[in-house]
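Throughout, protein chains are lettered first and strands after them, A, B, ... in sequence-line order, and every chain is numbered starting at 1. These numbers come from the heavy atoms of this one structure, side chains and all, not from hydrogens, waters or symmetry mates.
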Amino acid sequence: MANERYNAAEREKYWQSVWEKGEIFRASEDPSRPKSYVLEMFPYPSGRIHMGHVRNYAMGDVVARYKRARGFNVLHPMGWDAFGMPAENAAMERKVHPGAWTYANIDTMRGQLKSMGLSLDWSREIATCSPSYYKHQQKLFLDFLKKGIAYRKSSKVNWDPVDQTVLANEQVIDGRGWRSGALVEQRELTQWFFKITDYADELLSDLDTLVNWPEKVRLMQANWIGRSEGMLVRWALDKKAAPKDFSELEVYTTRPDTLFGASFLAVAADHPLAKAAAERDPKLAAFCDECRRMGTSVADIEAAEKRGYDTGIRAIHPFDDSWELPVYVANFVLMDYGTGAIFGCPSGDQRDMDFARRYNLPVVPVILPPGENAETFQLTDKAYVDDGTMINSRFLDGLSTSAAFEEAANRLEKQSLGSRPQGARKVNYRLRDWGISRQRYWGCPIPIIHCKTHGPVPVPEKDLPIELPEDATFDKPGNPLDRHPTWKHVNCPICGEPAVRETDTMDTFVDSSWYFVRFTAPEAQTPVDLNAAHYWLPVDQYIGGIEHAILHLLYSRFFVRAMCDTGHLSFATNTREPFAALFTQGMVTHETYKSEDGLWLLPNEVRFEGEGANRKAVEVSSGRPAVIGSIEKMSKSKKNLVDPDDIIAHYGADCARWFMLSDSPPERDVIWTEAGVAGAGRFIQRVWRIVEEIAEAYPGEKGPKPGSFGPEALEVRKAAHRALDAVGRAIEALRFNVAVANIHEFSNVLQSALSKRGPDIAWAVREAGDLLIVMIGPMMPHLAEECWARLGYNTLVANEPWPAPEPELLVDDQVTIAVQVNGKRRDELVISRSAKSEEVEAAALQLGSVVRALDGRPPKKVIVVPQRIVNVVG
RNA sequence: GCGGACGUGGUGGAACCGGUAGACACACAGGACUUAAAAUCCUGAGACGGUAACGUCGUGAGGGUUCGAGUCCCUCCGUCCGCACCA
């Protein structure tokens, strides 16, 4: 018996070169064939690929190769999300140009991806930092501007007063700048926005059409858009204390039904009323400053302790002239949502409750929960936010929550304050317009020229692309484009007078909002080639991390609609959705290790002693004990990283891919373990041994199919065809771990059959071997090619069709069904698949275990579920 | 704070539409082969009791619906993710 081990390192390179020479993954439009566009989220070129990429791209490649085998014309491209802050940080820290750094990273990572053996069409490679890409993005921006989809307005940013720079939320740590440590301030800047809110309704309602998206992502997006039906209510302000020119305060509420439970009004620190009041009250001004220092992150604001400041201003209740309520400035009211002002009903909202308890404001219950008694009902510190019956609410008493909403809304609409209705129904969205301005160098320049006379003027299209200057400096913080000596100085396209370029660049989410469109015709002279887009779009299967569930996916959904509305894109089918099916894969995690001194250690800096509960880690360099920490997402900061290059060099790409697909369900996190990889490596050798044995025992062609098969041969054939069926269905459902288990199970059967002899077995084993190779093809493509060649074929598995299983091999004549007595399993029964219910019942009642369990009693009832179960109720 | 998810043996997980819980794999134990080791092959195993046949318990906790619940409903506990300038 030949017993040479499969040499992955050598053979993988060989097969990659065969695929590359044959250009077999190169895609082109072919209207005569059904298409399948398979896409994984393109990577940020951070330096090296990580295990998360390996997992993501292994999954996408299985789908792409499987679809090819099922006869689809597959588009499977790859590119680089190449603009972003890390390049600029690298420039500052290491004095490398962001472009040089990025392109070097791309070269490294392209090489790493190629070593994975992915079935990619590399001829379509895109880098978003290339002028040939962002030129078209600038054109799209100009057309959005013409259409009113892009506009300018003032908005707040995190400002580091020491570094004189704008900070991202992630650069603000506990309210301080990450480099300078200075307290962060908020500044108003005029910035560019995309009018995503115009599409809010469509983006929300079309979620229903995305049936092949995870339910949770659709839910998250729906909540993010946050449509609510409420009212704008205008409250008169008591003239005595109100600042000049402020006679009323408009609030947005979704709960006009709880108006009689109101005990205060609150405005955001940036609300005009707050600013006006702060001018005459230094303490209030200080409080507002403090609120602003919390940063721009909603999470920070809402997690902070509820605090407020009584402005002394009093508002008059819309339903009772004699009822005055205090107006606070509060740190939990967001200027960006609604009108930046609320009325607080402590009994009906937990935040309001917390606030009321802190400042000793009245808490009046206005909604009686079902089943409670109005006399005895009491609230402690927990608000009741659900529906019920109105109490303590005068003319609303006794109404349901929804009827009270209607009644209060109708009255407010009829009532006047000044000469206008006091209330107006209003649909409000949590979704805000998308601010795309970034005060950074390494992004797509916004093609605008600011003229003293003509304001912001679009760059003429003939002047596109506006390219980034190469000779920018990165030795100090701030925007390198802004301080560049010459770049921004140009003449106004209208009047020819000296003017300045926009020095802000676009949010990198813009780059990734249409790259999948560009992939359909990466060389087109216009942003999109409509014919190519019609053929390939939408993406049939999109795969990426759950962390993109909201922003990237929502922005992309918006962006393609905006492209459609500016004539840049249209779909062949009746949809405006870019991604027909979405799959979000889990993260790759690993144990963490720390030295005695509390420093993080890389996995290869520790070795292990003992097993199970006695397993201990030892620091290799010093021999001192190390601490085994929790299992966490692989990250540089915790050093729990495994380098894909090391794994591929040691075990091969197929092994890394196989392990990534095994065990853990793809949507869940996977724990990377040495033992797991080693197990995958063993399976590869096992497949190779099986194939070697088959090739030696049954060389040459399979020959004609025997007229009949003995029981042993039949068993092999059944196992093979069932696996084929099950693996196909598992891959279709992206349940790769189940597909792997099915292949394991089948290979166990095949391996035991190798020791048996006979012409029918020979044929069945040859057939089973062929099928095994086809089945592992999408997951371990190199091994599959090697085995295919070993079995004597001179074709490529990559070009082989996925065979159809023989239906008669998928069903058994006999079925095993469980027999329960009173719901407890007592026995099982092997019976003909076609047995009638009465026969099954009779057979079950004769079983000794059933008779014993019934203890002589006659059965009260027998439930027979054909081919499944019998339950005897006694 | 708001929103979303997840929880099954020593471990990762499987279980179709409510129908035999623990497939498959890892780790482990015993055996075969070997001078030996590695590799490979065979066998075993949820927990508890029992020589065994078998019995009882068992899917984070508690309750409910049902002939039957890992699966459906309610309450609770724990873990994780997102929150708009990270990508």
Side-chain angles (χ1 to χ4, degrees), chain A residues 3 5 41 43-44 46 81 83-86 157-158 166-172 191 214-217 219-220 222-224 226 296-306 332 336 350-351 354 430-440 507-509 511-512 545-552 554-555 586-587 611-613 632-633 659 662-665 667-671 673 675-676 678-680 682-683 685-686 689 729 735 737-738 740-745 748 751 816-828 849 860-863 865 867-874:
Chain A
N3 218 343
R5 286 173 65 82
M41 292 180 184
Y44 177 78
S46 56
D81 190 10
F83 274 137
M85 287 205 309
V157 293
N158 298 310
V166 176
L167 297 177
N169 281 338
E170 70 155 16
Q171 296 173 326
V172 179
Q191 310 202 68
E215 182 63 38
K216 64 173 171 179
V217 175
L219 200 59
M220 283 162 90
N223 287 331
W224 188 258
T296 57
S297 147
V298 176
D300 289 345
I301 292 167
E302 294 194 347
E305 196 181 5
K306 311 283 167 286
F332 63 94
D336 288 322
Q350 193 57 46
R351 288 171 301 184
D354 295 345
R430 210 183 71 96
L431 181 68
R432 310 199 297 256
D433 275 339
W434 175 13
I436 61 153
S437 294
R438 297 292 181 269
Q439 296 69 37
R440 308 189 192 289
D507 179 6
T508 57
F509 272 121
D511 314 338
S512 56
I546 184 69
E547 66 273 20
H548 295 290
I550 296 173
L551 292 182
H552 162 58
L554 191 64
Y555 288 153
M587 297 180 302
E611 264 147 20
E632 303 200 38
K633 177 183 179 175
F659 174 62
S662 319
D663 284 1
S664 285
E667 68 279 7
R668 253 192 254 177
D669 291 353
V670 63
I671 305 172
T673 61
R682 280 199 296 275
F683 182 71
Q685 298 302 337
R686 189 152 156 236
R689 277 195 309 275
R729 279 186 290 121
R735 293 161 55 82
N737 58 322
V738 176
V740 166
N742 288 326
I743 290 173
H744 275 139
E745 210 166 359
N748 288 344
Q751 184 160 8
T816 306
I817 59 180
V819 181
Q820 299 179 330
V821 177
N822 293 328
K824 192 161 285 192
R825 181 185 167 279
R826 292 291 168 181
D827 212 332
E828 56 184 35
S849 46
K860 284 194 194 124
K861 192 175 170 188
V862 181
I863 290 146
V865 182
Q867 295 167 37
R868 276 265 157 93
I869 204 163
V870 180
N871 190 9
V872 181
V873 185

| field | Inter-nucleotide P distance (B:rG62, B:rC17), Å rounded | value |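 28 Å, rounded to whole Å.
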
Could you check how far [atom1] of [X] sits from [atom2] of [N], rounded to whole Å?
| X | N | atom1 | atom2 | result |
| --- | --- | --- | --- | --- |
| A:Trp434 | B:rA84 | CH2 | C1' | 11 Å |
| A:Arg825 | B:rC54 | CZ | P | 10 Å |
| A:Asp81 | B:rC86 | CG | C1' | 11 Å |
| A:Gln350 | B:rC2 | CD | P | 7 Å |
| A:Phe509 | B:rC83 | CZ | P | 8 Å |
| A:Met587 | B:rG82 | CE | C1' | 12 Å |
| A:His744 | B:rA23 | NE2 | C1' | 13 Å |
| A:Arg735 | B:rA14 | CZ | C1' | 8 Å |

| So, is A:Thr508 near the phosphate of B:rA87, with a side-chain N or O under 4.0 Å from OP1 or OP2? |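 Answer yes for this pair, as a side-chain N or O of A:Thr508 is under 4.0 Å from OP1 or OP2.
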
| Does A:Arg826 place a side-chain N or O at less than 4.0 Å from the phosphate oxygens OP1/OP2 of B:rG55? |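 Result: yes.
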
| request: Please work out if A:Val872 contacts a base, only the sugar-phosphate, or nothing of the nucleic acid, heavy-atom cut-off 4.0 Å. | output: nothing

| said: Could you check B:rC17 for me: syn (within 90° of 0) or anti? | reply: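 Base orientation: syn.
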
| query | How should the glycosidic conformation of B:rG9 be described, syn or anti, under the criterion that syn lies within 90° of 0? | reply | syn

| request: Go through the steps for A:Asp81 and A:Asp511 under the test side chain to side chain contact (heavy atoms under 4.5 Å, CB included), then give the verdict. | output: CA-CA 7 Å; A:Asp81 190 10; A:Asp511 314 338; 4.3 Å; yes

If you take atom types as modelled and just measure distance, does the side chain of [X] reach the base of [N] with a donor-acceptor pair under 3.5 Å?
| X | N | answer |
| --- | --- | --- |
| A:Asn223 | B:rG3 | no |
| A:Arg440 | B:rC85 | yes |
| A:Gln191 | B:rC85 | yes |
| A:Gln439 | B:rC85 | yes |

| Toward the 5' end of RNA chain B, by each residue's nearest nucleotide, A:Glu745 or A:Arg432 |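 Counting from the 5' end, the first nearest nucleotide belongs to A:Glu745.
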
| 5′-ward residue of the pair A:Leu167/A:Val865 relative to RNA chain B |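 That would be A:Val865.
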
| query | Parallel, tilted or perpendicular: which fits the ring planes of A:His744 and A:Phe683, with parallel below 30° and perpendicular above 60°? | reply | perpendicular

| Which word best sums up how the rings of A:Tyr555 and A:Trp434 line up, parallel for under 30°, tilted for 30 to 60°, or perpendicular for over 60°? |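 Because their plane-to-plane angle is under 30°, the rings of A:Tyr555 and A:Trp434 count as parallel.
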
| field | Salt-bridge present (A:Asp354, A:Lys306; N to O < 4.0 Å) | value | no

